[in-house]
**Student:** 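After the structure tokens below, expect a handful of questions from me.
Just so it is clear, the values below take in all heavy atoms, side chains as well, and ignore hydrogens, waters and symmetry mates. Per chain, numbering begins at 1; letters A, B, ... match sequence-line order.
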Amino acid sequence: MQPLLLVWEESQILLRILNGSFQTLDVIKERIFHDLFCSKANLDVIDMRQDNIVQNVNRDEQGSKDWSSKGNESNQEGDSTVGFNVLDAMLKRSLDRLKSMRERILSAEAGISNCTLEINFNKDAYVVRAMCLDGKLGAALSLWWNMIQNSIVPDVITHNYLINGLCKNGELEKAEWIVRGMLYRGPSPTCAAYNSLIRGYCLMNDVDKALNTFSTMANHGIIPNRVTCNILVHALCKKGLLEQAKNLFYKLLSKNHVRGSSDLITSTIMMDGCFKNGDTDQALAFWKRMLKERIQVDKVSYNVVVHGFCLSHDEGTAYKYSCEMLKLGFVPDVYSYNTLVGALCRQGKTSDACYIYDVMTRMGVIPDQITYKMVIHGLCINKEIDRATCFLDYMLENSIIPEPLVWNVIIDGYGRCGDIQKASYIRGKMVAFGVLPNIYTYNALIYAQIKSGNFSAAQSLEKEMLLYGLTPDSVTYNLLIGAACNLGLLHSALQLHDELLRKGCQPDVITYTELLKLFCLQGMMREADKLFGKLLASGLAVDHVPFLILMKRYCRMREYNKVYDLYQQWLMTMPR
DNA sequence: ATAGGGTTAG
């Protein structure tokens, strides 16, 4: 077993203790809410307060987790001491949290009589916000418009919720329209509103428009903040414009003489960008700068480093950082586990990947679609299809309905192993769970049938997909044409080729090669030469296969001049 | 209070 796996075992004990205390806290939390509800008459007002409390509790929880990591930094005595310190800190935090919750409840109680009016007045605004967070933007917009028409102008924050929701939905025009309305009738848009717009444009891959909005801000006297820069740095990195991103980063540094945790996110973005653009050295330079400047790194930045080394296929170093992260007391989350699972699957170490899956579930980290997708994909590549199907069942047991890709990978896996029964069974299950088969599903099924020599079954599958409104692609046609060619069914092959063209599908090198093979087999050399000329004129990247097929044939026909010509032609296509 | 960083990829 790898050393990494031993560390996981060790850390498990510590993390179980942590999980246990969080569960205890949840029980306490529930009890308090229960008491709160039973002792109050005006539930309406309590509702609002409860939201506040929940938010604060969540924030506190976040805080205490962060603390645990900082606390470990200064403690070099050993892992058990670290564990107790973390636990102590958590208990202290939870007591503080209970105290502040109690205070909040008391003050809510005291303020009920004079708060009711004000809260009810703002209620619509809160509904607008809630609807925005829920993605129900149409409803949010109409309620907001209703308010405006009744001369009730909601506050800036509510407006920002709307703008942000619209931007995340890609409805930039509507968001811009709201901002224009704000400039005209108030409240004046804040930096957050513009940040939402900028991010919205970045998500639409329109960095120019984002930069445009960035300069518009200044015209309205709004100074971009760090978040604005983070959004832009991120977008520039994603576009591969590392130099521009770096420039912005250093400009930001020079503006902020006070360095602190705020550097963390920007640095993490830069590091991630460098890793993803293949510049590991530059990424490490950012990491070292962070350590040198005594910026408290966090779980996310560790996840970025681990993933970065996985990207550059240096899994050993990735594991090293992953262990370092554990030793510092960071509790791995779904990103940490998924990164490892992904790396192990890529290396074909499916057993280790399954082991990590096991560890994460035991730690109470719930595997998500991505975890399952990677494990299932990895197992199918390794031809462990039955094992992959087990994971499919785990997903279904946990009420995660996989996207078509996951089903298709398994169907394809069974097909490649020649197990049509199981492939069809999975297709049936997929339909039963309400997931519609797509073109890849059919291509996998067609492949399975062809591999088992059932050309007519493959053909009826093609008819079936047309019936369901799916258009076969070049892969479908290549499979069918290839099968027809191998069976020497000249007529079927040409008919399929004809159908391909009629459907507006572009034949690719494979299509041409299959047909070429057929013409050669049938001794139709005039057609073969004509098709070959068409292939060379098509502009498609031609590999050696069509040349070899023709040369072999002409060899057998003893037309050595032809063979020589082809050989010369082939040399011409090679890079010099 | 609202806005910002990390996991996949036929």
**Student:** Rounded to the nearest angstrom, tell me the gap between atom OH in Y447(A) and atom P in dG10(B).
**Tutor:**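 My rounded result for the distance is 17 Å.
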**Student:** When all nucleic acid strands are considered with a 4.0 Å heavy-atom cut-off, which category describes N225(A): base, sugar-phosphate, or nothing?
**Tutor:**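 The residue N225(A) makes base contact.
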**Student:** Determine which pairs satisfy salt bridge (charged side-chain N to carboxylate O under 4.0 Å, His left out) with at least one residue from residues 192-211 of chain A, sequence neighbours left out, and list them in order.
**Tutor:**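 For residues 192-211 of chain A: none.
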**Student:** Choose from dA3(B), dG5(B), dT7(B) the nucleotide whose nearest atom is closest to any side-chain atom of C191(A).
**Tutor:**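 Looking only at heavy atoms from C-beta outward on C191(A), the closest nucleotide is dA3(B).
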**Student:** Between K276(A) and dT7(B), is there a side-chain N or O to OP1/OP2 distance below 4.0 Å?
**Tutor:**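 Indeed, a polar side-chain atom of K276(A) lies that close.
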**Student:** Report yes if a side-chain nitrogen or oxygen of R199(A) is closer than 4.0 Å to either non-bridging phosphate oxygen (OP1 or OP2) of dA3(B); otherwise report no.
**Tutor:**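 No, outside the criterion.
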**Student:** Check D155(A) with R129(A), please: is the shortest side-chain N to carboxylate O separation under 4.0 Å?
**Tutor:**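 Between D155(A) and R129(A) there is a salt bridge, with a charged N closer than 4.0 Å to a carboxylate O.
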**Student:** To the nearest Å, how far apart are Y161(A) OH and dT2(B) P?
**Tutor:**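 That distance rounds to 5 Å.
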**Student:** Flag as yes if Y440(A) stacks onto the base of dG10(B) (centroids under 5.5 Å, planes under 30°), otherwise no.
**Tutor:**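 Stacking is present between dG10(B) and Y440(A), given that their ring centres fall under 5.5 Å apart and the planes under 30°.
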**Student:** Which listed nucleotide (dT7(B), dT2(B), dA1(B)) is nearest to the side chain of Y126(A)?
**Tutor:**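 Output: dA1(B).
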**Student:** Expected output is a numbered-order residue list: members of residues 162-175 of chain A with a heavy atom under 4.0 Å from any atom of DNA chain B. What is it?
**Tutor:**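 Close to the strand are N164(A), K168(A).
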**Student:** Please list all pairs passing the salt bridge (charged side-chain N to carboxylate O under 4.0 Å, His left out) test where one or both residues lie in residues 363-378 of chain A, with sequence neighbours left out.
**Tutor:**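 Pairs touching residues 363-378 of chain A that pass the test: K373(A)-E403(A).
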**Student:** Can you tell me how far C1' of dG5(B) sits from CG of L264(A), to the nearest Å?
**Tutor:**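 Those two atoms, CG and C1', are 8 Å apart.
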**Student:** Check every strand shown and say whether K238(A) touches a base, only sugar-phosphate, or nothing at a heavy-atom separation below 4.0 Å.
**Tutor:**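 If one applies the 4.0 Å heavy-atom cut-off, K238(A) turns out to touch nothing in the nucleic acid.
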**Student:** Do side-chain atoms of N438(A) reach the backbone of Y440(A) as a donor and acceptor pair under 3.5 angstrom?
**Tutor:**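 Such a contact is found between N438(A) side chain and Y440(A) backbone.
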**Student:** If you check the H234(A) side chain, which of dA3(B), dA1(B), dG5(B) turns out closest?
**Tutor:**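 The listed nucleotide nearest to H234(A)'s side chain is dG5(B).
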**Student:** Who are the ring pair (Phe, Tyr, Trp, His ring centres under 6.0 Å) partners of W144(A), not counting sequence neighbours?
**Tutor:**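 W144(A) satisfies ring pair (Phe, Tyr, Trp, His ring centres under 6.0 Å) with H159(A), W177(A) once adjacent residues are dropped.
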**Student:** Please determine, for the side chain of T339(A), which listed nucleotide (dT8(B), dT7(B), dA3(B)) has the closest atom?
**Tutor:**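 For the T339(A) side chain, the nearest candidate turns out to be dT7(B).
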**Student:** Less than 6.0 angstrom separating the ring centers of Y337(A) and Y357(A), yes or no?
**Tutor:**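 For Y337(A) and Y357(A), the ring centres are not under 6.0 Å apart.
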**Student:** Between P on dG5(B) and NZ on K299(A), what's the gap in Å once rounded to a whole number?
**Tutor:**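 To the nearest whole Å, that distance equals 17 Å.
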**Student:** The criterion is ring pair (Phe, Tyr, Trp, His ring centres under 6.0 Å); which residues satisfy it with Y414(A), sequence neighbours excluded?
**Tutor:**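 Here no residue qualifies.
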**Student:** Quick one: L344(A) CG to dT8(B) C1', roughly how many Å, whole number?
**Tutor:**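 Going from CG in L344(A) over to C1' in dT8(B) covers 15 Å.
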**Student:** Side-chain donor or acceptor of N230(A) under 3.5 Å from a matching atom on the base of dA3(B)?
**Tutor:**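 Looking at the base of dA3(B), it does not pair with any donor or acceptor on the side chain of N230(A) (distance under 3.5 Å).
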**Student:** Side chain to side chain donor-acceptor pair (under 3.5 Å) between T476(A) and E462(A): does it pass, once the steps are laid out?
**Tutor:** CA-CA 8 Å; T476(A) 323; E462(A) 191 228 338; over 6 Å; no
**Student:** Could you tell me if the ring centre of Y394(A) sits under 6.0 Å from that of Y372(A)?
**Tutor:**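 Aromatic pair excluded; centres sit 6.0 Å or further apart.
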**Student:** Output the rounded distance in Å from CD1 (I370(A)) to P (dA9(B)).
**Tutor:**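 That distance rounds to 10 Å.
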**Student:** Does CZ in R185(A) sit with more than 12 non-hydrogen atoms of other residues, nucleotides or ligands closer than 6.0 Å?
**Tutor:**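 Result for CZ/R185(A): enclosed.
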**Student:** What is the distance from CZ of F214(A) to C1' of dG4(B), rounded to the nearest Å?
**Tutor:**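 It is 14 Å, rounded to the nearest whole Å.
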**Student:** At 4.0 Å (heavy atoms only), tell me whether I157(A) reaches a base, stays on the sugar-phosphate, or touches nothing.
**Tutor:**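 Result for I157(A) = base.
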**Student:** N160(A) side chain: which of dT8(B), dT7(B), dT2(B) is closest?
**Tutor:**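 Shortest atom-to-atom distance from the side chain points to dT2(B).
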**Student:** Pull out every residue in residues 403-415 of chain A that has a heavy atom closer than 4.0 Å to any atom of DNA chain B, ordered by number, or say none.
**Tutor:**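 L405(A), N408(A), in order of number.
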**Student:** Under 4.0 angstrom, heavy atoms only, what part of the nucleic acid is V300(A) near: base, sugar-phosphate, or nothing?
**Tutor:**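 Base, at least one base atom sits under 4.0 Å.
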**Student:** Which nucleotide, dG4(B), dG5(B), dT7(B), lies nearest any side-chain atom of I231(A)?
**Tutor:**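 Output: dG4(B).
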**Student:** Check this for me: K174(A), atom NZ, are more than 12 non-hydrogen atoms of other residues, nucleotides or ligands nearer than 6.0 Å?
**Tutor:**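 Open: at most 12 neighbouring heavy atoms sit under 6.0 Å from NZ of K174(A).
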**Student:** Using atom CZ of R226(A) as one end and atom P of dA3(B) as the other, report the distance to the nearest whole Å.
**Tutor:**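 Computing the R226(A):CZ to dA3(B):P distance gives 18 Å.
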